[in-house]
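Below is one structure, written out as structure tokens; the observations come after it.
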Amino acid sequence: MKAGFYQFAPRFGDMKYNLQKVIDAAAPVETDLLVLPELFNTGYQFTSKEEAKSLSEKIPSGDTANTLIKLSAKKKVYIAAGIAEYSEGKIYNSAVLTGPDGLIGVYRKIHLFYEEKLWFSPGDTGFKVWQTPLGNIGIMICFDWFFPESARTLAFRGADVIAHPSNLILPHCPDAMVTRCIENKVFTVTANRTGSEQRGDKEKLMFIGKSQITSPKGEILYRASGDREELTVIEIAVEKARDKNLNSMNNLFSDRKKEFYE
Ligand code: ACM
């Protein structure tokens, strides 16, 4: 399948601009899977819960989910995208997976980073993997990478490809994804954002770009620049994620020694 990401700098609070950016960037592109950054429609640095609430949307009735559903149908593309979700009085840092036939599912970020804990409720969906004609697609969001159990659980649940919407600030993730992929034999598509935000009297956040597509062997198939907008698509062979043997005597899953793990 063709898998890609769109790395760009969303404008805080300007959903119309951010959605139009995605529509325009996707227009000339042919891909099967497109991954967008975390909170791509709202921006990242909220200053109050009220602000986060006012920018969050219901799924699938909100504008963002609706736009992605329409874009998926028009372009026959699967889209994994991070958005602020409003549901039953709570706000979640969520990601949707949409496909040519509509909304496929929602994942709510489990490991909230730093001040996200002030605005968002921790995710309650569990890690999800969806079977699609392209292969099995799982989602984790940004800081979830820091907890190896996230990618591991997605791999156990059959993910061939982990879509990884991100707003990375710390420098380590692109290199760490090599290990996440080797230890689980999965593909990952990390879609990060560029630019910076400095809102109210908060510290300036610099986003590191470097979106990356990594293979089950830990090969960095593509790493984007740190600061430029780009939509990049490459061909990946999902069946390479299905064989969990390392050699004739080692298997990633059956060699685990659960009795020694906590
Ligand atoms: C992050 O999880 N956005 C760092």
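Computed over heavy atoms, backbone and side chain alike; hydrogens, waters and symmetry mates excluded. For reference, positions follow the sequence shown, starting with 1.
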Applying the ring-ring contact (aromatic ring centres under 6.0 Å, His included) test to Phe113, which of Phe120, Trp119, Phe143 qualifies? Phe143
Give a yes or no on whether Asp201 atom CG has more than 12 heavy-atom contacts from other residues, nucleotides or ligands under 6.0 Å away. no
So how far is it from Thr64 OG1 to Ile69 CD1, rounded to the nearest 0.5 Å? 10.5 Å
Think Arg256 forms a cation-pi with Phe253, using NZ or CZ under 6.0 Å from the six-ring centre and within 45 degrees of its axis? no
Between Ser48 (side chain only) and Glu51 (backbone N and O only), is there a donor and an acceptor less than 3.5 Å apart? yes
Any side-chain heavy atom of Glu57 sitting closer than 4.5 Å to one from Met15? yes
Checking the side chain of Asn192 only, and the main-chain atoms of Leu168 only, is there a donor and an acceptor separated by less than 3.5 Å? yes
Counting only N and O atoms by type, is there a donor-acceptor contact under 3.5 Å from the side chain of Gln7 to the main-chain atoms of Lys210? yes
Taking NZ in Lys90 as the centre, count heavy atoms belonging to other residues, nucleotides or ligands within less than 6.0 Å. Is the count above 12? no
Could you measure the distance from the CD1 atom of Ile23 to the NZ atom of Lys75? Nearest 0.5 Å is fine. 11.5 Å
Roughly how far apart are Thr190 OG1 and Ile141 CD1, rounded to 0.5 Å? 12.5 Å
Arg242 atom CZ: more than 12 heavy-atom contacts under 6.0 Å: yes
Between CG of Asn41 and NZ of Lys21, what distance do you get to the nearest 0.5 Å? 15.0 Å
Within the distance-only criterion (no hydrogens, no angle test), does the side chain of Asp32 pair as donor or acceptor with the backbone N or O of Met1 below 3.5 angstrom? no
Are Leu34 and Tyr78 packed together at the side-chain level, in the sense that at least one heavy-atom pair is separated by less than 4.5 angstrom? no
Do Phe12 and Phe46 make the cut of ring centroids closer than 6.0 angstrom? yes
Is the shortest heavy-atom distance from the side chain of Glu30 to the side chain of Lys2 under 4.5 Å? yes
Got Val29 and Val233 here, is their nearest side-chain heavy-atom distance under 4.5 Å? yes
For Glu203, does its backbone N or O pair with a side-chain atom of Gln45 as donor and acceptor, under 3.5 Å? yes
Using modelled atom types only, decide if a donor and an acceptor are shared between the side chain of Asn250 and the backbone of Leu246 within a distance under 3.5 Å. no
Does the ring centre of Phe147 sit less than 6.0 Å away from the ring centre of His111? yes
In terms of ring plane angle, is the pair Tyr222 and Phe5 parallel, tilted or perpendicular, where the classes change at 30° and 60°? tilted
Rounded to the nearest 0.5 Å, how far apart are CZ of Arg223 and CD of Gln212? 4.5 Å
Could you tell me the separation between the NE2 atom of His164 and the SG atom of Cys142, rounded to the nearest 0.5 Å? 5.5 Å
Can you confirm whether Phe260 is buried at CZ, in the sense that more than 12 heavy atoms of other residues, nucleotides or ligands lie under 6.0 Å from that atom? no
May I ask you to test the Ser166-Arg193 pair for a side-chain heavy-atom distance under 4.5 Å? no
Answer yes or no: are there more than 12 heavy-atom neighbours, outside Lys128 itself, under 6.0 Å from its atom NZ? yes
Taking CD in Gln131 as the centre, count heavy atoms belonging to other residues, nucleotides or ligands within less than 6.0 Å. Is the count above 12? no
For Arg108, is there any backbone N or O sitting under 3.5 Å from a side-chain donor or acceptor partner on Thr125? yes
